[in-house]
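First up is the structure itself, then whatever we jot down about it.
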Amino acid sequence: MAALILEARGLNRHFGGVRAVDGVDIALRTGEVHALIGPNGAGKTTLVGLLSGRIAADAGSILLGGEEIVHLPAHRRVRKGIAYTFQITSIYPRLTVAENVDLARGGIEDLARVGLADRAEQVAGSLSYGHQRLLEVAMGLALKPRVLILDEPTQGLSEGEVAGFRALVRQITPATTVLLIEHNMDVVMDLADRITVLDFGRVLARGTPAEIRADAAVQAAYLGGDDAAA
Amino acid sequence: MTARILALHLAVLAALFAAQFVLPSYHVTSLARIMVLAVFAMGYNIAFGYTGLLSLGHALFFAAGMYGAGLPALHFGVGGGTALILGLLAGGALAGAAGLLALRTAGVSFMIVTLMFAQAGYLTILYFAEYTRGNDGFPVPATARSLFGFALSGDRMRYMTALLLFSAAMLACLALVRSRFGRIMVAMRENEERSRMLGYNPYAVKLTALAISGLYAGLAGAAYALLFGYAGASFAGIQYSILPLLYVLTGGAGTVLGPLVGTAVMFWLTDIASGLTSAWLMVVGVALVALTLFAPRGMLGLIRERWAKWLP
Amino acid sequence: MSFGPFLLLALMEGMVMAAVLALTAVGLSLVFGTMRVVNVAHGEFFMLGAVIAWFVADHLGGAAWMNFAVALVVAPLVVAAIAVLADRLVLRRLNYEPEATIVATIGLLYILQQAALSLFGPDARPVPAPFELRLQLPWFGWSGYKVFVILAAGAILLAVWFLMTRTRAGLIMRATQIDRDTARAFGIDTDKVYALVFGLGAGLAALGAVLVVPIQQAHYLMGGDPLLLSFIVVIIGGLGSIRGTLVAALVIGLSDGVIAMFYTATLAKILATLLVALVLVFRPQGLFGAKA
């Protein structure tokens, strides 16, 4: 079994009476693409919020490369190597593309990886939606993270852009470990080495794409529902 | 590009140097006052224009400089240089202390918290009237109104000191906003959450920016006391929190020269208006409303947007 | 005078202050609650109310009670009209963006202050009380008019409460407060609601001023204290909550009266402003509401 880069145990987070994340364990193997799926409201975004430090955990432990980071604020975790790209695109719209990636301590080579090198001097807010998402991924890559969390990266992208995104993820692994929240099951089944399925804040199932596809509980809860795209 | 920027700013300083030989003496005194207030506005701009911190309490830091320099001069007879440094540090220290608490809030809450801190500071000056001379204020003793043996009360020396302090403040501001840290300040203003998730600590960045802003305000307050010879509680009032905001909005928030332009324009505008109708309050009021409605980017902001994208 | 009666007097004066403060602060709170606008010019609406009361008393030349009655109607209406105009011309065009609105209302503050200075002059001017009645207590005498102020403020606040909770207009205002876009989708003319709420808030401040002006005199700079105290009350009481505002007005009004009598007014104000700042720093969520 490959070494674990990120290992979270017993993560809990309640909002009022709602158990958004309820005793979740999750472990990422170095270099894998690990997909996180589940119905809307299953706790996916809360879980990655806990991992990235945007949301404080009520209980639990998070080890990054064997080091406990659960008590660290978000910006310190980023420095330790956890990068997060937002579900709703979050860039600096009034700065240029080059300035955006510079703030992520990156340069033109990071823009080149996502195919935005020729737009470096453009104001980021004037990019198309798809290009803004790519810029955000470039900023994530520029941080040279050990774990890159992509929160619904293909949402709103055209088919051509989705294909480009798949190629990009294949290119950045296994140098970078990727945690992917994704609704598009084609993308998940194509890219993921392993999948964790969340439902009502708990882990419902975990395994390879083939195992998940065959899992009866998952089919009942999720794949059989109207969310299924596969 | 860097050469062009440096040339522009040095040209402005050269013009200010030349102005004292060209302008009639009344305007030379006004310009000295404008330069000191512009240092205050420049400090305000570092917090508001670049970092996005809309403070309504900067009078507190200006007054900290003014009293930080004036009180030791009054009670312990310290000299001009020491008083200036004490004022500078008092402004920075108070801004840092206020920021520790106020920066736990944001937006409207931040505005009100800073307003309340400044109000408490103003009232504190009145409360300790025994030492501060309260509303009446006090003339700064002559011992403190000299630098390196030159009296600051003379027109020439006063103007040159104001110009020297302004030049230092402006070049430092230029260096700051063009530095890595300056770009991170702007990043906080533009998108704080994104900046956090790029590994920057918003609290630390904003606190540093506010403390630097306080150093500027403190320097300006101290210089005002020494150059114009008076310290009084009115400089701690809400009005002196609004004025730098007005100057910066007029000149252009987030531009290095905006504070100077805004201070000069508003200073002369209120000067002309008070000559005509004693209606300077009206000028300030109308300017604030008109700026928010029609020119939220200010004069230099507009120029940068339209013609000179390179303007820092 | 021994301690007991002294405290009683302090409490009674505090009640008058609390009553006027409640009117002013509820106006500010309504505006923030519904429109999310922090109106820095609120104190100037208060000042205008007092100044207009003086103009009415000075120019009408009738009996004191008649002048007062006219002022009680005219002042709030004129001030409300000015506020509606300010909303139309300025606030709406800023789309109620919080920071721009604050800067604009600061500008409005200066404009109104200057207008009052130019038209009214720099002197403080007294307005006669509508009636003279002295209540003789065993230890000291007290103005009957002050009792009237407390009762009148109570009645007006009751009317506001009735308006907000028992009428269709109040329902519409609360609906707009909860969600402006949804309210608009349901056919509520939110522009009109905002204008009316801004007018109502200003009118309440003016009413408070008309009540207080026979005790305090009209002056163009008198808006500062009511603004500061209203802020304190509204923030401590929880913004947008009328009940919280009332309780806080009572507490602040009474304690300010008492503290000012035993210590200095300046120290009381220093403590109150610091308290507001600390409340905002350490309990912001409960005070500025969750929805922004």
Side-chain angles (χ1 to χ4, degrees), chain A residues 45 48-49 51-56 69 72-96 98-107 110 121-125 132-133 135-151, chain B residues 1-2 5 45 48-54 100 103-104 106 176-209 252-255 258 296-298 300-312:
Chain A
T45 292
V48 294
L51 296 176
S52 66
R54 298 186 68 217
I55 303 170
I69 58 163
L72 292 182
H75 61 91
R76 295 274 305 278
R77 295 192 202 183
V78 176
R79 297 271 175 168
K80 295 256 178 214
I82 297 182
Y84 176 78
T85 68
F86 290 78
Q87 182 175 3
I88 298 163
T89 308
S90 181
I91 54 171
Y92 302 102
R94 297 204 294 178
L95 305 183
T96 66
E99 285 169 330
N100 267 273
V101 80
D102 173 63
L103 280 165
R105 295 173 281 279
D110 298 294
E121 291 312 312
Q122 200 172 330
V123 174
Q132 290 190 17
R133 294 234 71 151
L135 172 58
E136 185 160 355
V137 173
M139 290 163 80
L141 292 175
L143 292 167
K144 298 177 183 59
R146 298 154 85 182
V147 176
L148 177 61
I149 300 172
L150 298 167
D151 197 346
Chain B
M1 184 164 110
T2 312
I5 289 169
N45 193 28
F48 167 60
Y50 287 98
T51 320
L53 299 170
L54 209 171
L100 279 176
L103 287 170
R104 295 169 62 117
L176 173 70
V177 304
R178 291 181 60 75
S179 71
R180 175 108 203 136
F181 186 75
R183 292 200 293 277
I184 297 168
M185 281 171 14
V186 171
M188 286 302 158
R189 178 192 74 193
E190 292 293 314
N191 189 341
E192 181 171 328
E193 196 50 29
R194 172 75 273 174
S195 306
R196 184 199 309 280
M197 297 316 288
L198 291 179
Y200 303 111
N201 181 352
Y203 187 72
V205 171
K206 292 192 285 186
L207 188 61
T208 309
T255 64
R297 292 184 207 289
L300 290 189
L302 208 64
I303 290 176
R304 170 158 67 188
E305 200 171 66
R306 292 271 168 85
W307 297 290
K309 294 235 180 337
W310 52 272
L311 210 62

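All figures in this text were calculated on a predicted structure; none of them were measured in a lab. Lettering follows sequence order; numbering is per chain, from 1.
- Interface residue A:L143: only side-chain heavy atoms are found under 4.5 Å from chain B.
- Across all non-hydrogen atoms, the minimal contact from B:G199 to A:R79 is O-NE, 2.9 Å.
- The only option from B:L198, B:V205, B:N201 that meets the side chain to side chain contact (heavy atoms under 4.5 Å, CB included) definition with A:H75 turns out to be B:N201.
- A:Y92 places no side-chain N or O within donor-acceptor distance of the main-chain N or O of B:M188, the cut-off being under 3.5 Å.
- Interface remark: of the candidates B:R183, B:R180, B:R196, B:R180 forms the most heavy-atom pairs closer than 4.5 Å to chain A.
- Contact annotation for A:R77: neither backbone nor side-chain heavy atoms come within less than 4.5 Å of a heavy atom of chain B.
- Judged by distance alone, the side chain of B:R194 and the main-chain N or O of A:I91 form no donor-acceptor pair under 3.5 Å.
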Would you please test B:N191 and A:S90 for side chain to side chain contact (heavy atoms under 4.5 Å, CB included) and show each step?
-> CA-CA 8 Å; B:N191 189 341; A:S90 181; 2.9 Å; yes
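- Interface remark: A:A83 contributes no atoms to any contact with chain B (heavy atom separation under 4.5 Å).
- Between chain B and the residues A:R54, A:R76, A:M139, A:E136, the largest count of heavy-atom pairs under 4.5 Å involves A:R54.
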Step by step, would you call B:E190 with A:E99 a side chain to side chain contact (heavy atoms under 4.5 Å, CB included)?
-> CA-CA 12 Å; B:E190 292 293 314; A:E99 285 169 330; over 6 Å; no
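- Looking at every heavy atom in both residues, B:A187 comes nearest to A:L103 through CB-CD1, 3.7 Å.
- Shown here is A:K80, whose NZ atom has no more than 12 heavy atoms of other residues, nucleotides or ligands within 6.0 Å.
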